[in-house]
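This report concerns only the one structure given below.
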Amino acid sequence: MAGILRSVRFGAASAHGKANMQCFNFFKENGAFVRNVNGTYKVDFSKFETAMNKLSNLIITLQGNGDKAAVEKTQKENAVISTELQTDLDKLTKKEFLLTSFLNRVLMF
């Protein structure tokens with residue numbers, strides 16, 4: 001989950017970003033994690049394992065069947081960053097900027 005959030009901070013335009021957003025949204029739909037009211041996320045490890053296996057099955061089935069239309073539909077529906085997630089990512093970017101600014105000032109003295 002941390003790797004997915006780290007990579008999608010830069011958007012979902014690239015193939016890598018789209019793939020990660022599809023994973024994120026699949027895991028969310030399957031209850032693999034919950035978003036707390038403060039914008040943090042908590043993984044439900046038992047549900048995460050189940051969701052990961054379901055996602056693997058879906059990917060292997062789509063690839064095995066060569067169903068390009070189903071792949072495109074899945075990508076169109078799930079390779080997106082929701083407004084809620086974008087807000088959470090923006091908070092991280094702001095905190096990173098503030099920390100970097102602080103460290104730059106401290107290291108200059």
Side-chain angles (χ1 to χ4, degrees):
M1 281 300 302
I4 292 172
L5 291 171
R6 180 192 50 76
S7 75
V8 300
R9 285 180 40 215
F10 307 107
S14 69
H16 191 72
K18 288 177 184 178
N20 278 316
M21 279 314 307
Q22 289 179 80
C23 292
F24 179 89
N25 288 318
F26 189 91
F27 293 149
K28 182 178 181 182
E29 291 169 12
N30 284 272
F33 66 88
V34 294
R35 180 185 180 275
N36 298 315
V37 292
N38 65 356
T40 59
Y41 295 82
K42 181 179 179 186
V43 174
D44 181 324
F45 290 100
S46 63
K47 288 183 180 180
F48 194 90
E49 182 178 2
T50 301
M52 186 174 55
N53 289 331
K54 281 177 66 176
L55 179 58
S56 297
N57 184 42
L58 174 64
I59 291 168
I60 291 169
T61 300
L62 291 174
Q63 288 178 343
N65 292 341
D67 192 346
K68 185 177 179 183
V71 170
E72 289 172 347
K73 180 179 185 272
T74 301
Q75 185 176 20
K76 183 178 180 182
E77 292 173 355
N78 293 310
V80 295
I81 299 176
S82 69
T83 303
E84 179 180 72
L85 176 58
Q86 188 60 60
T87 300
D88 295 338
L89 294 171
D90 290 345
K91 289 177 191 173
L92 288 174
T93 302
K94 182 177 180 182
K95 288 179 182 180
E96 179 183 352
F97 173 77
L98 293 172
L99 178 60
T100 302
S101 297
F102 171 76
L103 290 174
N104 285 338
R105 283 195 310 264
V106 169
L107 294 174
M108 295 186 101
F109 289 106

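Remember, predicted model here, so these are calculated numbers, not experimental data.
A pairwise comparison of heavy atoms in Gly31 and Lys47 identifies O-CD, 3.2 Å as the closest pair. The nearest pair of heavy atoms linking Val71 to Leu62 is CG2-CB, 3.9 Å. For Met21 against Val80, the heavy-atom pair with the smallest separation is CE-O, 3.0 Å.
Side-chain contact annotation: Thr40 with Asn36, donor-acceptor N/O pair under 3.5 Å present. Between the side chains of Gln86 and Asp90, a donor-acceptor pair is found at a separation under 3.5 Å.
The backbone N or O of Asn53 sits nowhere less than 3.5 Å from a side-chain atom of Asn57 that would complete a donor-acceptor pair. Between the side chain of Asn25 and the backbone N or O of Asn78, at least one donor-acceptor pair lies under 3.5 Å.
Residue Phe33 is tested with Phe26, Phe48, Phe24 for a ring pair (Phe, Tyr, Trp, His ring centres under 6.0 Å); the sole match is Phe24.
Put simply, CG on Asp88 and OG1 on Thr83 are 11.0 Å apart, with the number rounded to the nearest 0.5 Å. Here the CG-CD distance, from Leu58 to Gln22, works out to 9.0 Å after rounding to the nearest 0.5 Å. Atom CG of Asp67 is separated from atom NZ of Lys73 by 10.5 Å, given to the nearest 0.5 angstrom. Here Asp44 contributes atom CG and Glu49 contributes atom CD; the two are 11.0 Å apart, rounded to the nearest 0.5 Å. Between Ile60 atom CD1 and Leu55 atom CG the span is 9.5 Å, to the nearest 0.5 Å. Interatomic distance, CG of Leu89 versus CD of Glu84, reported as 10.5 Å (0.5 Å rounding).
A salt bridge does not link Lys54 to Glu29: none of the charged side-chain nitrogens sits closer than 4.0 Å to a carboxylate oxygen.
Cluster membership check: Val34 does not share its hydrophobic cluster with Tyr41, using side-chain heavy-atom separations under 4.5 Å among Ile, Leu, Val, Met, Phe, Trp and Tyr.
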